[in-house]
J.: 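Sending over a structure as structure tokens; questions will come in a sec.
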Amino acid sequence: MNEVKEKLPVHKPKKSGAQLFSDLSMPILLLLLVIVFAIWSDKFLTAQNLTNILVQNVHVAVCTSAVMIIMISGGCDLSIGYQMSVAAVLIVKLISTDHYIANPMSPVIAIILGILLCMLLGTFNGLMSILLKSHTMIITLGTMAIFQGISYLISGSKSLSKAPKSFMYIGQGRLFGWLPLNVVIMAVILIVVGFIMGKTTIGRKVYAVGDNPEAARLAGLNVAKIKVLAFTFAGLLVGISAVLLSARSGSANSGTSGPGIEFTGITACVLSGVALKGGEGTLWKAIVAVYVLGVLSNGMQLVGLGTYPQYIAKGAIMLLSLYLSNRAAKKA
């Protein structure tokens with residue numbers, strides 16, 4: 001056991017100027033974007049708009065934490081969007097007052113079932129990556145198609161709506177009359193995820209497996225088990241994301257309730273410095289990157305720039321971030 005602990009990564013207490021710049025690059029970029037859009041549009045820096053940015057990206061932040069865990073473990077999951085879609089349409093169909101089923105289910109039970117299903121799908125991805133011995137990107141490209149089919153079978157290719165108010169309160173409710181409940185839920189979840197990944201033995205093991213699987217195996221770690229566990233834990237977070245998204249709108253659609261979010265999560269992770277090879281990444285940086293993308297999208301809409309210019313801007317920011325990160329790494 002002592003040998004395992006010795007081989008787990010240890011964070012260095014001192015950081016160089018280049019490393020410090022890399023750490024602060026995302027907060028600085030977020031601040032610059034806020035200043036630019038505040039000058040560009042008088043509607044940007046209002047309490048309502050800032051709250052909208054915060055609330056609209058709650059499910060993205062939680063989902064990004066799932067993407068980050070898988071990437072740190074050395075994997076890449078392209079099926080996350082349709083995992084989320086499966087859970088969202090299942091939950092809304094089970095609880096809807098629009099009589100998709102004879103006897104609508106309790107929202108609590110439906111939520112539990114949806115989250116458990118996502119954990120099962122995540123575990124399936126992890127097991128397939130171990131059994132087929134192929135890169136997780138290829139594996140999840142295949143499972144993405146499977147999950148897409150499952151989602152459309154559940155929804156019948158229809159938009160499901162009329163979720164009960166008790167369920168929608170999760171996404172629309174306010175504590176003390178002003179604090180969005182879903183933001184509180186997001187904060188609690190991210191604190192727990194950050195603690196698990198940064199302060200616990202299992203979190204350090206995930207980093208070790210992603211950094212060097214062979215060294216981790218020689219240190220006595222069960223690499224396959226840890227990788228599957230990472231996918232299962234990510235599935236839990238994806239299920240929660242599905243609940244947060246569908247509760248905010250009170251509806252679900254196979255084609256829009258999740259698909260595409262995996263690329264936003266991967267973009268945020270890459271922007272924040274999560275290593276594609278695994279073993280590196282910090283949660284708070286990834287969440288700041290989520291809100292960099294959120295502010296960019298919101299601000300460009302306010303100033304009249306459409307969807308396509310947003311794609312260009314997001315791509316340019318990613319390339320710039322990669323350039324600065326590589327430059328900082330060389331100076332470190």
J.: Side-chain contact, heavy-atom cut-off 4.5 Å: I80 with Q83?
T.: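 When only atoms from C-beta onward are counted, Q83 and I80 do touch, with a gap below 4.5 Å.
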J.: Between S161 and D98, does a side chain to side chain contact (heavy atoms under 4.5 Å, CB included) hold up when you go through it step by step?
T.: CA-CA 7 Å; S161 59; D98 216 6; 4.2 Å; yes
J.: Are L132 and F231 connected in the hydrophobic side-chain network, where two residues link if heavy atoms are under 4.5 Å apart?
T.: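 Yes, L132 and F231 fall within the same hydrophobic cluster.
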J.: Output all residues satisfying side-chain hydrogen bond (donor to acceptor under 3.5 Å, both in side chains) with Y152, sequence neighbours left out; order by chain, then residue number.
T.: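 Residues passing side-chain hydrogen bond (donor to acceptor under 3.5 Å, both in side chains) with Y152: none at all.
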J.: Tell me whether L30 is reachable from I39 by hopping between hydrophobic residues (I, L, V, M, F, W, Y) whose side-chain heavy atoms are closer than 4.5 Å.
T.: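 The answer is no; the residues belong to distinct hydrophobic clusters.
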J.: Pairs under 3.5 angstrom only: tabulate donor-acceptor contacts from the side chains of residues 182-193 to other protein residues two or more places apart or in another chain.
T.:
from: N182; atom 1: ND2; to: G171; atom 2: O; distance (Å): 3.4

J.: Can you pull out every ring pair (Phe, Tyr, Trp, His ring centres under 6.0 Å) where at least one residue sits in residues 39-65? Sequence neighbours excluded, please.
T.: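 For residues 39-65: F37-F44.
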J.: Checking A268 now: which residues fulfil side chain to side chain contact (heavy atoms under 4.5 Å, CB included) with it, not counting sequence neighbours?
T.: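 A268 satisfies side chain to side chain contact (heavy atoms under 4.5 Å, CB included) with T64, A289, V290, L293 only.
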J.: Would a hydrophobic clustering, with Ile, Leu, Val, Met, Phe, Trp and Tyr connected at side-chain separations under 4.5 Å, put L31 with M300?
T.: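 Each belongs to a different hydrophobic cluster.
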J.: How far does CG of N298 sit from CG of N57, to the nearest 0.5 angstrom?
T.: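 Going from CG on N298 over to CG on N57, the span is 8.5 Å.
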J.: The criterion is salt bridge (Lys or Arg N to Asp or Glu O under 4.0 Å); which residues satisfy it with K225, sequence neighbours excluded?
T.: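 Checked K225 against salt bridge (Lys or Arg N to Asp or Glu O under 4.0 Å); zero matches.
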J.: Tell me the closest heavy-atom pair linking W284 and P27, and the distance in Å.
T.: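 It is CZ3-CG, 3.7 Å.
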J.: Taking the hydrophobic residues Ile, Leu, Val, Met, Phe, Trp and Tyr, and joining any pair whose side-chain heavy atoms are under 4.5 Å apart, which ones share a cluster with Y308?
T.: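 Grouped by the 4.5 Å side-chain rule, Y311 form the rest of the cluster around Y308.
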J.: What's the shortest heavy-atom distance between L94 and I101, and which atoms?
T.: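 Nearest heavy atoms, L94 then I101: O-CD1, 3.4 Å.
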J.: Which pair of heavy atoms, one from L78 and one from M144, lies closest together, and at what distance?
T.: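 Here L78 and M144 meet closest at O-SD, 3.4 Å.
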J.: How far apart are the C-alpha atoms of V67 and C269, what are their side-chain angles, what is the distance that settles it, and do they pass the side chain to side chain contact (heavy atoms under 4.5 Å, CB included) test?
T.: CA-CA 8 Å; V67 174; C269 286; 3.9 Å; yes
J.: Between Y82 and I150, is the side chain to side chain contact (heavy atoms under 4.5 Å, CB included) condition met? List the steps.
T.: CA-CA 9 Å; Y82 275 107; I150 293 173; over 6 Å; no
J.: Checking side chain to side chain contact (heavy atoms under 4.5 Å, CB included) for the pair I266/C76: CA distance, chi angles, key distance, verdict?
T.: CA-CA 9 Å; I266 291 171; C76 181; 4.0 Å; yes
J.: When you compare the side chain of P180 with that of R174, does any pair of heavy atoms fall below 4.5 Å?
T.: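 In short, these two side chains touch, coming nearer than 4.5 Å.
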J.: Counting only heavy atoms not in K277, do more than 12 sit closer than 6.0 Å to its NZ atom?
T.: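 Yes, NZ of K277 has more than 12 neighbouring heavy atoms, counting only those of other groups under 6.0 Å.
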J.: Rounded to the nearest 0.5 Å, how far does CD1 of I95 lie from CE of M168?
T.: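 Here the interatomic distance stands at 9.5 Å.
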J.: Treating S85 as the side-chain partner and G81 as the backbone partner, does any N or O pair qualify as donor plus acceptor under 3.5 Å?
T.: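 Such a contact is absent between S85 side chain and G81 backbone.
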J.: Nearest 0.5 Å, please: how far is CD1 in I91 from OG in S246?
T.: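 If I round to the nearest 0.5 Å, the distance is 5.5 Å.
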J.: To the closest 0.5 Å, what do you measure between OG (S241) and CG (L245)?
T.: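 So the OG of S241 and the CG of L245 are separated by 8.5 Å.
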J.: Within this structure, what is the OG1-CH2 distance for the pair T51 and W178, rounded to the nearest 0.5 Å?
T.: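 Between T51 OG1 and W178 CH2, I get 9.5 Å after rounding to 0.5 Å.
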J.: For residues 253-262, pull every pair meeting side chain to side chain donor-acceptor pair (under 3.5 Å), keeping only residues two or more places apart or in separate chains.
T.: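 Output for this query lists S151-S254, S155-S254, S159-N253.
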J.: Can you list everything that forms a salt bridge (Lys or Arg N to Asp or Glu O under 4.0 Å) with R217? Sequence neighbours excluded, please.
T.: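 Testing R217 for salt bridge (Lys or Arg N to Asp or Glu O under 4.0 Å), a comparison that skips the adjacent residues, returns E214.
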J.: Within the 4.5 Å heavy-atom criterion, are V209 and K227 side-chain neighbours or not?
T.: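 Side chain of V209 against side chain of K227, heavy atoms only: contact under 4.5 Å found.
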J.: Mind checking whether M84 and I261 have side chains closer than 4.5 Å, heavy atoms only?
T.: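 Yes, at least one pair of side-chain atoms sits under 4.5 Å.
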J.: Return the set of residues passing side chain to side chain contact (heavy atoms under 4.5 Å, CB included) with I312 (not counting sequence neighbours), or none when no residue passes.
T.: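 I312: no side chain to side chain contact (heavy atoms under 4.5 Å, CB included) contacts found.
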J.: Rounded at 0.5 Å granularity, tell me how far NZ in K93 sits from CD1 in I154.
T.: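 Answer for the NZ-CD1 pair, K93 versus I154, is 7.5 Å.
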J.: For a quick test of reading the model, state the closest non-hydrogen atom pair linking G294 to I53 and the distance between them.
T.: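 Closest approach of G294 to I53: C-CG2, 4.3 Å.
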J.: Minimum heavy-atom separation for M26 to L271, with atom names?
T.: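 Scanning both residues, the minimum pair turns out to be CE-O, 3.8 Å.
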J.: Is it true that L153 and Y100 fall in one hydrophobic cluster, defined by side-chain heavy atoms closer than 4.5 Å?
T.: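 Different clusters: L153 never reaches Y100 through Ile, Leu, Val, Met, Phe, Trp or Tyr contacts under 4.5 Å.
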J.: Please name all residues satisfying ring-ring contact (aromatic ring centres under 6.0 Å, His included) with Y291, sequence neighbours left out, ordered by chain then number.
T.: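 Checked Y291 against ring-ring contact (aromatic ring centres under 6.0 Å, His included); zero matches.
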J.: For the residue pair Y207 and M197, establish whether any side-chain heavy-atom pair is separated by less than 4.5 Å.
T.: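 Yes, close enough: below the 4.5 Å cut-off.
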J.: I want to check something: taking the side chain as every heavy atom from C-beta on, are R248 and Q56 in contact at a cut-off of under 4.5 Å?
T.: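 In short, these two side chains touch, coming nearer than 4.5 Å.
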J.: Ignoring hydrogens and angles, write down the donor-acceptor pairs under 3.5 Å from the side chains of residues 102-130, residues two or more places apart or on other chains.
T.:
from: S106; atom 1: OG; to: V108; atom 2: N; distance (Å): 3.4
from: T123; atom 1: OG1; to: M119; atom 2: O; distance (Å): 2.8
from: T123; atom 1: OG1; to: T232; atom 2: OG1; distance (Å): 2.7
from: N125; atom 1: OD1; to: T143; atom 2: OG1; distance (Å): 2.8
from: N125; atom 1: ND2; to: D77; atom 2: OD2; distance (Å): 3.3
from: N125; atom 1: ND2; to: S79; atom 2: OG; distance (Å): 2.9
from: S129; atom 1: OG; to: G126; atom 2: O; distance (Å): 2.6

J.: Taking side chain as C-beta onward, heavy atoms only, is M68 less than 4.5 Å from L283?
T.: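 A side-chain contact exists here, since the closest heavy-atom pair is under 4.5 Å.
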J.: For a quick test of reading the model, state the closest non-hydrogen atom pair linking L221 to A208 and the distance between them.
T.: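 Heavy atoms of L221 and A208 come nearest at CD1-CB, 4.1 Å.
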J.: Listed by chain and number, what are the side chain to side chain contact (heavy atoms under 4.5 Å, CB included) partners of A145, not counting sequence neighbours?
T.: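 For A145 there are no side chain to side chain contact (heavy atoms under 4.5 Å, CB included) partners, ignoring immediate neighbours.
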J.: Going only through I, L, V, M, F, W and Y residues with side-chain contacts under 4.5 Å, is there a path from V238 to V228?
T.: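 No: no chain of side-chain contacts under 4.5 Å links V238 to V228.
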J.: Would you say Q301 and Q310 make side-chain contact, with heavy atoms under 4.5 Å?
T.: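 When only atoms from C-beta onward are counted, Q310 and Q301 do touch, with a gap below 4.5 Å.
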